[in-house]
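Note that the coordinates shown come from a computational prediction; the quantities given were computed from them, not determined experimentally.
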Number of protein chains: 2
Amino acid sequence: MARKRFDDSNCSVARALNEVGDWWSLLIVLQAMYGTRRFVDFQQELGIARNILCDRLARLVDNDVLRKVEVGEHGSRHEYRLTGKGRDLFPVVVALRQWGDKWNPAPNCDALDLRDRATGQPIREMAVQSADGKPLSIRDVFMPDTETPSKTG
Amino acid sequence: MARKRFDDSNCSVARALNEVGDWWSLLIVLQAMYGTRRFVDFQQELGIARNILCDRLARLVDNDVLRKVEVGEHGSRHEYRLTGKGRDLFPVVVALRQWGDKWNPAPNCDALDLRDRATGQPIREMAVQSADGKPLSIRDVFMPDTETPSKTG
DNA sequence: AAATTTGGTTTCGTTATGCAACCCTATTTA
DNA sequence: TAAATAGGGTTGCATAACGAAACCAAATTT
C-alpha cells in the first residue's frame, strides 16, 4: 500500500519528517545552504535523478522550504532559494552533520569546520542546553505531565 | 534501479542520512528516547508494519544506534536500547522537533516542553552558536578554504 | 492443555526510485 | 542564419522498497 505519511500526526517530529525526512530533501536543503540555486547544479552536485529532483524541489516549494524565483528576461531560468523556514533548518543540518562527523567519520573528509564570520572562531558543538547554557543529556531533562509520550508523542 | 545509498559519500550528512534518514528510523529513535524498548511497543506506538520495523531495528542495531539486549531466562524476549551513539541523536531530534513546532504547529499538540531536571526551567531553543554562545544564522558563518562545498560537500 | 504474548518471516500488491530518452524554450557558437 | 548547447522539465520502463495481513514458533499465562 501507499507509503505512510504523517501530515496529520500529532507529533511534530513526524510532521517535520514528512517534509524533509526522505533520502533527498535534507541534502537538497544542505546543498542550498552551500549556495546552490539552479536545477542543473543540484542535479550534478547531488547526483540525483532529474525526475526525483523535480519532485523534491516541487514538494519543498509546496512546503515553503524553498521558493522558486524566475530569473532572466523571459522567465525560462529559475532559481530555488531557501525561505526563512528553510534557513531555519540550519541547526538541524549542523546537528546531523556533527553527529555524522563524530560517529561516522570519513577518512577522506574532514569534520565540519564552520566558523563565526565575526571572530573566525569555530562554532560550538550543538547541544540541548539549559536556560543558562549548560549542555543537557537526555537524562537531564523531563517533560511536564501535559505531554503524553504515547502515539509517537 | 536500486535506491541510492550513501555509505561511501564523503559528506557526513549523507552518511548520517543513510543510517537514520528514512521515514521511520528517526521516529524509532525518538520513541526509544521516550522509553520504549520492546518490539510490540514500537509497533503499536508508531503504527509501523512489522516487517518494516524488523528491518529498521536490525539496521539501527547494525549501525550501533540501538543494541539488542536479551531479557528473560531463555532469551526469547529482547529489548532494544539506545547506545551512546543513539543517545547522541538527542540534539538532532530536539532541533527537528523545535523546527516542526515552529513551522508546522499542530492544533491538537503542544510544542515540546522539555525541562531541565535540575532546575525545572525549559530548555533553550537549539541554535548554532559562536564560541561564546551567541546564536549564529547561516549568514554569520563561513567555512575555511580547506572544505570544498562541491559534491555534497 | 489451550490461549496469549513476543518477535519475527512470507506473500503479495502498490508505490517510489533510478536511468535513459525525449521535449520545448533560450542562448551561444559556427 | 543554421546548428549546437544549456536550462528545466516530462515520460516510460525496470527494479527496489513499502504496507497489510497471514503465518510461525518459542515462551508464558490462564
Side-chain angles (χ1 to χ4, degrees), chain A residues 1-9 14 17-28 31-32 35-63 66-81 152, chain B residues 1-9 14 17-28 31-32 35-63 66-81 152:
Chain A
M1 285 292 170
R3 161 169 282 169
K4 189 165 286 194
R5 300 314 261 276
F6 301 105
D7 314 86
D8 55 347
S9 168
L17 289 174
N18 202 43
E19 295 192 2
V20 296
D22 67 302
W23 297 95
W24 286 115
S25 296
L26 213 53
L27 287 177
I28 292 173
Q31 201 60 50
T36 300
R37 294 177 164 191
R38 312 295 289 270
F39 184 92
V40 252
D41 295 333
F42 282 111
Q43 209 251 308
Q44 302 212 322
E45 309 221 47
L46 292 170
I48 182 176
R50 305 169 70 94
N51 49 351
I52 305 298
L53 179 58
C54 261
D55 179 84
R56 292 305 182 279
L57 287 174
R59 193 187 305 167
L60 289 169
V61 169
D62 276 352
N63 288 329
L66 297 178
R67 69 179 198 281
K68 190 172 181 173
V69 180
E70 308 285 331
V71 297
E73 309 307 301
H74 308 81
S76 132
R77 313 255 143 144
H78 318 133
E79 285 185 356
Y80 294 91
R81 299 192 197 164
T152 74
Chain B
M1 284 293 170
R3 160 169 283 166
K4 189 166 286 193
R5 300 313 261 277
F6 302 105
D7 314 85
D8 55 347
S9 169
L17 288 174
N18 203 41
E19 295 193 1
V20 296
D22 67 302
W23 297 95
W24 286 114
S25 295
L26 213 53
L27 288 177
I28 292 172
Q31 200 62 48
T36 300
R37 295 177 162 191
R38 313 294 289 270
F39 184 91
V40 249
D41 295 332
F42 282 110
Q43 209 251 309
Q44 301 213 322
E45 308 220 49
L46 292 170
I48 183 177
R50 306 168 70 91
N51 50 351
I52 305 299
L53 179 57
C54 262
D55 179 82
R56 291 306 181 280
L57 286 173
R59 193 186 306 167
L60 288 169
V61 169
D62 276 351
N63 289 329
L66 297 178
R67 70 177 197 281
K68 191 172 182 174
V69 180
E70 308 286 330
V71 297
E73 308 308 300
H74 307 82
S76 133
R77 312 260 142 136
H78 319 132
E79 285 186 355
Y80 294 90
R81 298 193 197 162
T152 74

**Student:** Quick check: closest heavy atoms across B/Val20 and B/Leu60, and the distance to 0.1 Å?
**Tutor:**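 Between these two residues, the closest heavy atoms are CG1-CD2, 4.2 Å.
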**Student:** Suppose we screen for salt bridge (Lys or Arg N to Asp or Glu O under 4.0 Å). Which residues come up paired with A/Arg38, at least two apart in sequence or across chains?
**Tutor:** none
**Student:** Kindly write out the residues that satisfy side chain to side chain contact (heavy atoms under 4.5 Å, CB included) with B/Arg59, not counting sequence neighbours, or none if the list is empty.
**Tutor:** A/Trp23, B/Arg5, B/Asp55, B/Arg56, B/Asn63
**Student:** Starting from P on D/dG19, measure out to CZ on B/Arg56 and report it in whole angstrom.
**Tutor:**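 My rounded result for the distance is 7 Å.
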**Student:** Grab the CD-P distance between A/Gln44 and C/dG18 for me, whole Å please.
**Tutor:**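 Atom CD in A/Gln44 sits about 17 Å away from atom P in C/dG18.
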**Student:** Let's see if you can work this out: which of D/dG19, D/dT28, D/dG9 has an atom nearest to the side-chain heavy atoms of B/Arg77?
**Tutor:** D/dT28
**Student:** Which whole-number value in Å describes the distance from A/His78 NE2 to C/dT25 P?
**Tutor:** 13 Å
**Student:** CG/A/Leu57 to CD1/A/Ile52 distance, rounded to the nearest 0.5 angstrom?
**Tutor:** 11.5 Å
**Student:** Polar-atom pairs under 3.5 Å, protein N or O versus N or O of nucleotides 10-13 of chain D: list them with distances, or write none.
**Tutor:**
from   : atom 1 : to      : atom 2 : distance (Å)
D/dG12 : O6     : A/Asn51 : ND2    : 3.4

**Student:** Report the distance from atom NZ of A/Lys68 to atom P of D/dG9, rounded to the nearest whole Å.
**Tutor:**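 Rounding to the nearest Å, NZ of A/Lys68 and P of D/dG9 are 4 Å apart.
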**Student:** Could you give the CG-to-C1' distance, from A/Leu53 to C/dC19, as a whole number of Å?
**Tutor:** 14 Å
**Student:** Just N and O in the side chain of A/Trp23: are any of them under 4.0 Å from OP1 or OP2 of C/dG18?
**Tutor:**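 So the side chain of A/Trp23 is outside the cut-off, no N or O lying under 4.0 Å from OP1 or OP2 of C/dG18.
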**Student:** How many Å lie between CD on A/Glu70 and P on D/dG7, as a whole number?
**Tutor:**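 The distance from CD of A/Glu70 to P of D/dG7 comes to 16 Å, rounded to the nearest Å.
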**Student:** Excluding sequence neighbours, so at least two apart, what forms side-chain hydrogen bond (donor to acceptor under 3.5 Å, both in side chains) with A/Thr36?
**Tutor:** A/Gln31, A/Glu45
**Student:** Would you mind classifying the nucleic acid contact of A/Tyr80 as base, sugar-phosphate or nothing, using non-hydrogen atoms under 4.0 angstrom?
**Tutor:** sugar-phosphate
**Student:** Rounded to whole angstroms, how far apart are CD1 on A/Ile52 and P on D/dG9?
**Tutor:** 15 Å
**Student:** Could you state the CG-P distance from B/Asp41 to C/dG7, rounded to the nearest angstrom?
**Tutor:**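 Checked: the CG to P distance equals 8 Å.
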**Student:** Any non-hydrogen side-chain atom of A/Lys68 less than 4.5 Å from a side-chain atom of A/Tyr80?
**Tutor:** yes
**Student:** Sequence neighbours left out, what passes side chain to side chain contact (heavy atoms under 4.5 Å, CB included) with A/Arg67? Give chain and number order.
**Tutor:** A/Val69, A/Arg81, A/Thr83
